[in-house]
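A short worksheet on the structure shown next.
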Amino acid sequence: MTGAVGTEITDGVCFVTLAAAANGNAINFDLIDGLTAALDAVDADPDCRAMVVTAEGPTFCRGLDLEAFFVHGTLPDRDRLRRLPACLARIRRARVPVIAVADGEAMGGGVGLLAACDLVLGTTNARFMLSEPIVGLVPATIVPFLLLRTGPARLRAMTLSTRGVPAAEAHTYGLVDELVTDGVEPALRAQLQRIFRCAPQALAETKRYYDRLSAADLDQQIEIGLDQFTGWLTRPDVVEGVTSFGEGFAPPWFARYRGRMDVPGHSGT
Amino acid sequence: MTGAVGTEITDGVCFVTLAAAANGNAINFDLIDGLTAALDAVDADPDCRAMVVTAEGPTFCRGLDLEAFFVHGTLPDRDRLRRLPACLARIRRARVPVIAVADGEAMGGGVGLLAACDLVLGTTNARFMLSEPIVGLVPATIVPFLLLRTGPARLRAMTLSTRGVPAAEAHTYGLVDELVTDGVEPALRAQLQRIFRCAPQALAETKRYYDRLSAADLDQQIEIGLDQFTGWLTRPDVVEGVTSFGEGFAPPWFARYRGRMDVPGHSGT
Amino acid sequence: MTGAVGTEITDGVCFVTLAAAANGNAINFDLIDGLTAALDAVDADPDCRAMVVTAEGPTFCRGLDLEAFFVHGTLPDRDRLRRLPACLARIRRARVPVIAVADGEAMGGGVGLLAACDLVLGTTNARFMLSEPIVGLVPATIVPFLLLRTGPARLRAMTLSTRGVPAAEAHTYGLVDELVTDGVEPALRAQLQRIFRCAPQALAETKRYYDRLSAADLDQQIEIGLDQFTGWLTRPDVVEGVTSFGEGFAPPWFARYRGRMDVPGHSGT
């Protein structure tokens, strides 16, 4: 456990709580260390049959902690950048089903974290936004996990639009597996009850077998994403923009659209 | 025709009815023989322009007949197990569009049967459930057909959750092509009328052409699925569990979740 | 600009209007020339940050202009047929995000045009129909663009059913990116405002990077589509049927379904 993440294994379920609500549960090394420790605990406990990831506060996860990654200290190198996708790959390959409860906003890397989980319960409070182009980045390191859920078309539209997608819509994109409208707890309990009726070895084999069928080599895809990301960070304008953001300033490309308000071919519809 | 399946070609349409309602239209060799005979009849009739698969009773198909496959007689070998996916491949490659009407519950192999059809009309009574892990199995032999419709993410979530997915949700997964809310008969009639306006050779070429474009070699995928399934059945604990189920007993992994009912980070929402 | 297409770059946005409403904005060489000229204008203007495609009249685009392609003059050869997918590929590879507003019916090639755009806003007036089999064709030349959005299962069902799919349903297929229910103009303005907050180079790199990740070689897929289409047009019955349609006659396969109206296993539900 770290300050950013709480972990408790009880009655065969590992409950993991993102607990840095004041920081919007931003992804930094504290959070990655906490998730990794939880995965270690699950590996060490053969009686554990499921892992549940929840978050405190209104934001599930606001994405990469730009201040930690870009402002303080030196620019993150490839090995430090790999720690997030490597942690997500461990979630995806965990022996037990990993359930995430999305009950707030998820941005950038936070969408990647949810995408890596096996079952995402999404409430009407959940919203998913790929905000990277606003910061001047491309969401490359989490793309392997997003693609496995959304496919290329949804990923492309989400990134180019930078629109916050509500849970019901994200459900049709494959980012939410079960849309929760009558309370998180009954839905989560029902899901845990279903998992406890299943053969644990059949669930573990399902995860392994489906990954074997997949054409994509996840580890290779992660390195391709790191190629893009580290290459992109060799551009001074990119680093300048991201650092501005981390320090609370607007980057030079930030503009207000003040153009025509009517749509050609439409009369005010 | 077998007892399990009724077949009638009339006015250019082959109507196939799953007629073993008392057995939940479970998939056994009677049912496979009946479907195969219907496909033979379509092949032999150049004036036939569509095939329609419906089911009697509240269950479209409850999946593999465990009693027939596992309890009576010896464990099914690879050739017997191949008969289901081979039949589904014939449905998919039929010259004419194959329409299925899902108006009840489909489980396991029953979801595979629907997935192999070209056009699935789903009513509000339809529900789709991949129940294999409850029995201790992985839905490997029907996976090639499920993947073609749902993609890997939905398949993974459906299998790991074993949740019954209602038709409206299954529609967004690609398991239902048209959501029917105003009666099966008008929707089916409208679909047949649209098919009768199309060039039969263009529809047949569409099926062939789109299959040529597909990266997946269906026959090879079927053998990979049989590898998993026959390999899995070499495990005594798996066979013991499946046989228990077929005999009406609960397998050893069947447990009730009695753990914490609150969700960390939530106060009763 | 051609008569079929209006183009205006103002305040950093290139507005392109399909202006041949009387002809249902059918795809002919005037329309392709107009779109190409608009793309040239965007390439020439480094300050342009987005392109918006709208249509006049109730039909966004009724598909290939059969009269222009098949009735007058000789049968289109491969190079002339390539002009549509080549134009769609330029839209997809444009430096800036291309937004389409679907506020009416799109058929055949018109669905392909929308699919090639980066962000499709769809109103409740929008409807998507792959009508090719009615004309005796397979939608091969636009398939590479459809597949990138819908995946193989939706494409197959849309083509075999020839059903007009409303916007809300098309949204779940990946043909619509944002469902617009409160007026086109606020939704379009909000999207342009989001784009103006993003780093233009990050948006351009997102398009390039995601295309690099894609397994499909778009140019190769276009040639495969042209193989099917030109091969299919060597069949006299196909050419006869398409030409009939272009001249306003029904082809020989056009039939009325008059068969049984009840559904086996159902009692009038």
Side-chain angles (χ1 to χ4, degrees), chain A residues 6 8 10-13 15-19 21 49-50 52 54-57 97 99 101 103 115 118-120 123 125 148-151 171-172 174-175 177-179 183-185 188-203 205-207 209-216, chain B residues 129-140 143-144 147 150-165 169 171-174 215-216 221 224-225 227-229 231-232 235 237-238 241-242 250-266 268-269:
Chain A
E8 182 193 359
T10 171
D11 298 301
V13 177
F15 288 91
V16 180
T17 312
L18 309 187
R49 292 177 76 158
V52 175
T54 59
E56 290 179 1
I99 306 166
V101 177
D103 187 34
D118 294 313
L119 297 171
V120 176
T123 76
N125 298 321
L148 284 168
R149 279 190 167 271
T150 66
H171 186 210
T172 73
L175 286 173
D177 296 304
E178 182 178 354
L179 196 60
V184 165
E185 292 179 7
L188 179 59
R189 198 181 315 139
Q191 181 55 70
L192 289 171
Q193 286 167 341
R194 284 192 299 270
I195 286 174
F196 274 67
R197 274 196 291 268
C198 290
Q201 64 272 31
L203 294 175
E205 166 69 4
T206 293
K207 292 184 69 167
Y209 178 58
Y210 288 178
D211 277 348
R212 288 204 304 273
L213 289 185
S214 170
Chain B
M129 184 174 168
L130 294 180
S131 45
E132 281 83 348
I134 301 174
V135 187
L137 295 171
V138 174
V143 153
L147 272 180
T150 65
R154 296 306 200 183
L155 172 63
R156 188 176 157 108
M158 281 186 75
T159 314
L160 295 177
S161 77
T162 65
R163 182 167 59 90
V165 175
E169 188 176 354
H171 186 209
T172 73
Y173 291 15
Q221 296 299 313
I224 291 170
D227 287 345
Q228 194 284 335
F229 209 81
W232 196 240
R235 290 178 56 150
D237 60 326
V238 170
V242 179
W253 56 75
F254 211 87
R256 287 184 66 188
Y257 174 66
R258 297 171 178 281
R260 66 189 292 175
M261 291 295 157
D262 63 304
V263 176
H266 286 77
T269 51

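From a predicted model like this one, the values you see are computed outputs, not experimental measurements. Just so we're on the same page: letters track the sequence lines, and every chain starts at 1.
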Hey, what do you get for CZ (B/Arg156) to OH (A/Tyr210), rounding to the nearest 0.5 Å?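 So the CZ of B/Arg156 and the OH of A/Tyr210 are separated by 10.0 Å.
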
Reported CG-to-SG distance for the pair B/Leu137 and A/Cys198, which is rounded to 0.5 angstrom: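 One finds 11.0 Å between CG of B/Leu137 and SG of A/Cys198.
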
Which atom pair, heavy atoms only, marks the closest approach of B/Phe254 to A/Arg197?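 Taking B/Phe254 first and A/Arg197 second, the nearest heavy atoms are CZ-CD, 3.0 Å.
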
Which atom of B/Gly136 lies closest to which atom of A/Ala199, heavy atoms considered: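 Looks like CA-CB, 3.8 Å.
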
Flag, side chain of A/Arg194 to backbone of B/Ser161, donor-acceptor distance under 3.5 Å: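 Side chain of A/Arg194 to backbone of B/Ser161, a donor-acceptor pair under 3.5 Å: yes, one is there.
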
So, the side chain of A/Arg49 versus the backbone of B/Tyr257: is there a donor-acceptor pair under 3.5 Å, distance only?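 Answer holds: no.
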
Any chance the side chains of B/Tyr173 and A/Thr172 put a donor and an acceptor closer than 3.5 Å?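 Not at all, the side chains of B/Tyr173 and A/Thr172 share no donor-acceptor pair under 3.5 Å.
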
Does any heavy atom of chain A fall under 4.5 Å from the side chain of B/Val143, the backbone, both, or neither of them?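 For B/Val143, the side chain is the part near chain A, not the backbone.
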
Heavy-atom pair count under 4.5 Å with chain B, highest-scoring of [options]:
options: A/Thr10, A/Asp11, A/Val16; value: A/Asp11
options: A/Thr123, A/Ile195, A/Asp118; value: A/Asp118
options: A/Glu56, A/Glu205, A/Arg149; value: A/Glu205

Which one wins on heavy-atom pair count under 4.5 Å against chain A: B/Gly241, B/Ala140, B/Ser131?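 Option with the greatest count: B/Ala140.
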
